[in-house]
Amino acid sequence: PTAVGKSDLCLNLAKKFQTEILSCDSRQFYQEMNRGTAKPSSEELAEIPHHFINNLTIHDSYDVRKYEEEALALLGQLFQKHGVVILTGGTGLFADVVVNGMDAIPEVAPEIREEIIQEYQSKGLTWLQGAVEEVDPEFYAQVDRGNPQRLMRALEIWRGTGLKFSSFRTKKKIKRPFEVIKIGLDRPREELYKRIDSRMDQMLSEGLFEEAEGLFEKRELNALQTLGYTEIFDFLEGKYDKEELIRLLKRNSRRYAKRQLTWFRRDPLIHWFHPSEEREILAFLANQIGLNPPKVATQL
RNA sequence: GGUGAUAUAGCUCAGUUGGUAGAGCAUCGGACUGAAAAUCCGUGAGUCGGUGGUUCGAGUCCACUUAUCACCA
């Protein structure tokens with residue numbers, strides 16, 4: 001989860017293994033978003049090569065599939081130089097796609113999605129539900145019906161391909177040409193929340209508010225539909241006062257961490273550690289990879 | 001010391017003419033296949049400050065009591 005202490009640990013691991021880091025954090029991609037995304041510092045970035053940080057502009061349109069392609073291509077190169085590469089970040093879906101792949105679903109013209117969004121906004125959720133039920137009853141039976149994004153996705157596939165969204169969803173895992181060892185980091189809830197709260201204070205004192213203010217005109221962009229930024233945009237529109245703003249920033253960050261944990265907890269292959277257990281993590285990794293554990297451990 | 005007010009869910013409070021309790025916030029759990037820091041679904045909990053009384057029945061009325069706050073000395 002966010003603020004648990006991923007960056008520090010991964011930096012140390014990367015040094016031990018003399019390798020590079022791939023980020024799978026869907027907001028650290030963007031060059032314009034710095035204060036609110038907890039990117040590694042420029043010193044840290046200089047120390048160890050990081051990928052997928054500052055690789056996009058907020059004006060770029062990007063999605064998981066593109067990330068999958070780029071990450072796999074990059075991994076192909078990195079594995080020629082390194083035996084081990086570190087992938088780290090809190091965007092569960094993106095990490096999952098690198099590890100397990102994703103069903104091949106044809107690309108759909110962006111105009112179709114635009115059109116569906118417009119239609120949904122004027123006709124409402126009931127219309128959307130009816131439309132999906134009609135074209136893809138199998139998917140409709142499984143989907144969370146209150147979730148417009150899911151419903152619109154199914155509809156855009158239907159309109160773009162003439163085939164049911166459910167017909168593409170095999171959920172088969174793709175075998176990658178590398179092995180994956182999953183490490184999960186967690187802390188007692190109270191401890192995590194304290195870190196989240198104080199990190200938000202720190203972000204604000206380092207200029208998050210000013211950064212968001214500067215991006216206000218562009219707030220409709222997808223990249224800026226982001227925790228930490230949207231709350232400030234709403235404040236700037238006069239929806240609440242400063243005290244409430246800070247309360248919401250912290251609360252929503254806590255909720256985000258909870259959602260992340262829900263996502264990761266369901267993966268039985270994750271080995272969980274407290275971030276302070278660096279020695280144990282190294283020993284565990286060395287053992288999994290087949291190195292001599294004591295040798296690695298003594299280098300601490 | 002005197003007078004008055006308040007005491008109900010973790011917090012702020014509501015509770016109509018007495019029929020064993022609710023709302024917001026917080027919390028907690030879950031979903032997730034091309035928007036994912038997004039989007040959505042669900043949730044528990046209170047010996048109504050304490051004791052006694054009136055009543056078929058009291059958070060609601062009465063007495064005493066404890067705590068807090070305000071004002072007056």
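Letters A, B, ... mirror the listed sequences (proteins, then strands); counts begin at 1.
- To the nearest angstrom, C1' of B/rG29 lies 8 Å from CZ of A/R265.
- Sequence neighbours left out, not one pair with a member in residues 96-138 of chain A passes ring pair (Phe, Tyr, Trp, His ring centres under 6.0 Å).
- Comparing the same atom, C1', in B/rU55 and in B/rG18 gives a spacing of 9 Å after rounding to whole Å.
- Using P as the reference atom, B/rC11 and B/rG49 are 14 Å apart when rounded to the nearest Å.
- Between the P atom of B/rA35 and the CD atom of A/E220 lies a distance of 18 Å, rounded to the nearest Å.
- Residue A/F139 contributes atom CZ, which lies 15 Å from atom P of B/rC40 at whole-angstrom precision.
- The side chain of A/P148 lies closest to B/rC40 when the candidates are B/rA35, B/rC40, B/rG34.
- Using a 3.5 Å distance cut-off with no hydrogens or angles, the side chains of A/D136 and A/S166 do pair a donor with an acceptor.
- Across B/rC28, B/rA31, B/rA26, the shortest atom-to-atom separation from the side chain of A/K258 is found for B/rC28.
- Within the nucleic acid shown, A/R113 comes within 4.0 Å of at least one base atom, counting heavy atoms only.
- Look at CD on A/E244: it is 15 Å from P on B/rG24, rounded to the nearest Å.
- Between the side chains of A/T226 and A/R27, at least one donor N or O sits under 3.5 Å from an acceptor N or O.
- Under 4.0 angstrom from either OP1 or OP2 of B/rA35 there lies no side-chain N or O belonging to A/R150.
- Here the separation of B/rG15 from B/rA35, taken at their C1' atoms, is 45 Å to the nearest Å.
- A/T226 comes within 4.0 angstrom of a base, heavy atoms only.
- Distance from the side chain of A/R259 is smallest for B/rU39 among the nucleotides B/rG34, B/rU27, B/rU39.
- Residue A/R247 places its side chain closer to B/rA26 than to any other of B/rA26, B/rA35, B/rC40.
- Looking at RNA chain B, the stems built from 3 or more consecutive Watson-Crick or G-U wobble pairs, each pair with its key distances under 3.5 Å, are B:1-7 with B:66-72, B:10-13 with B:22-25, B:28-31 with B:39-42, B:49-53 with B:61-65.
- Comparing B/rG30, B/rU27, B/rG34 against the side chain of A/E156 picks out B/rG34 as the nearest.
- Nearest-nucleotide mapping onto RNA chain B: of A/N147 and A/Y62, the residue sitting toward the 5' end is A/Y62.
- A/D8 places a side-chain heavy atom less than 4.5 Å from the side chain of A/E44.
- Both tests pass for A/K242 against the ring of A/F209: distance under 6.0 Å to the centre and angle within 45° of the axis.
- One C1' atom belongs to B/rG52, the other to B/rC71, and the distance between them is 31 Å to the nearest Å.
- Using a 4.0 Å cut-off between charged side-chain N and carboxylate O, A/E237 and A/R219 make a salt bridge.
- Enclosure of atom CD in A/E243 is not indicated, since only 12 or fewer non-hydrogen atoms of other residues, nucleotides or ligands lie within 6.0 angstrom.
- Residue A/R251 contributes atom CZ, which lies 15 Å from atom C1' of B/rC28 at whole-angstrom precision.
- Comparing B/rG4 with B/rA23, their C1' atoms are spaced 29 Å from each other, to the whole Å.
- One P atom belongs to B/rA21, the other to B/rG30, and the distance between them is 31 Å to the nearest Å.
- When distances are taken from the side chain of A/R27 to each of B/rA36, B/rC41, B/rA26, the shortest belongs to B/rA36.
- A/E107 comes within contact range of at least one nucleobase, with a heavy-atom separation under 4.0 Å.
- Here A/F165 lies in heavy-atom contact (under 4.0 Å) with sugar-phosphate atoms only.
- For A/R153 and B/rA38, the shortest distance from a side-chain N or O to OP1 or OP2 is not below 4.0 Å.
- With both ends at atom P, the span from B/rG57 to B/rG53 equals 12 Å, rounded to whole Å.
- Across all strands shown, A/D25 has heavy atoms under 4.0 Å from base atoms, whether or not it also approaches the sugar-phosphate.
- Surrounding CD of A/E244 are more than 12 heavy atoms belonging to other residues, nucleotides or ligands, all under 6.0 Å away.
- Between A/T262 and B/rG30 there is a side-chain polar atom (N or O) within less than 4.0 angstrom of OP1 or OP2.
- Of the candidates B/rA26, B/rC40, B/rA35, the closest approach to any side-chain atom of A/N222 belongs to B/rA35.
- Among residues at least two apart or in separate chains, ring pair (Phe, Tyr, Trp, His ring centres under 6.0 Å) pairs with a member in residues 56-90 of chain A are A/F29-A/Y62, A/F29-A/Y67, A/F52-A/Y67, A/Y67-A/F94, A/F79-A/F178.
- Rounded to an integer number of Å, the gap from OH of A/Y67 to C1' of B/rA36 is 13 Å.
- Across all strands, A/T37 comes closer than 4.0 Å to base atoms (heavy-atom distances).
- Nucleic acid contact class of A/G36 (heavy atoms, under 4.0 Å, all strands): base.
- The distance from atom CZ of A/F94 to atom C1' of B/rA38 is 10 Å, rounded to the nearest whole Å.
- Distances shown here put every side-chain N or O of A/Y240 at or beyond 4.0 Å from the OP1 or OP2 atom of B/rC25.
- Taking the C1' atoms as reference points, B/rG1 lies 32 Å from B/rU8, given to the whole Å.
- A/Y229 places its OH atom 16 Å from the C1' atom of B/rA38, with the value rounded to the nearest Å.
- Among the heavy atoms of the strands, none lies under 4.0 Å from A/Y30.
- For A/K182, the NZ atom sits in a packed shell: over 12 heavy atoms of surrounding residues, nucleotides or ligands are nearer than 6.0 Å.
- For B/rA26, the OP1/OP2 oxygens have a side-chain nitrogen or oxygen of A/R255 closer than 4.0 Å.
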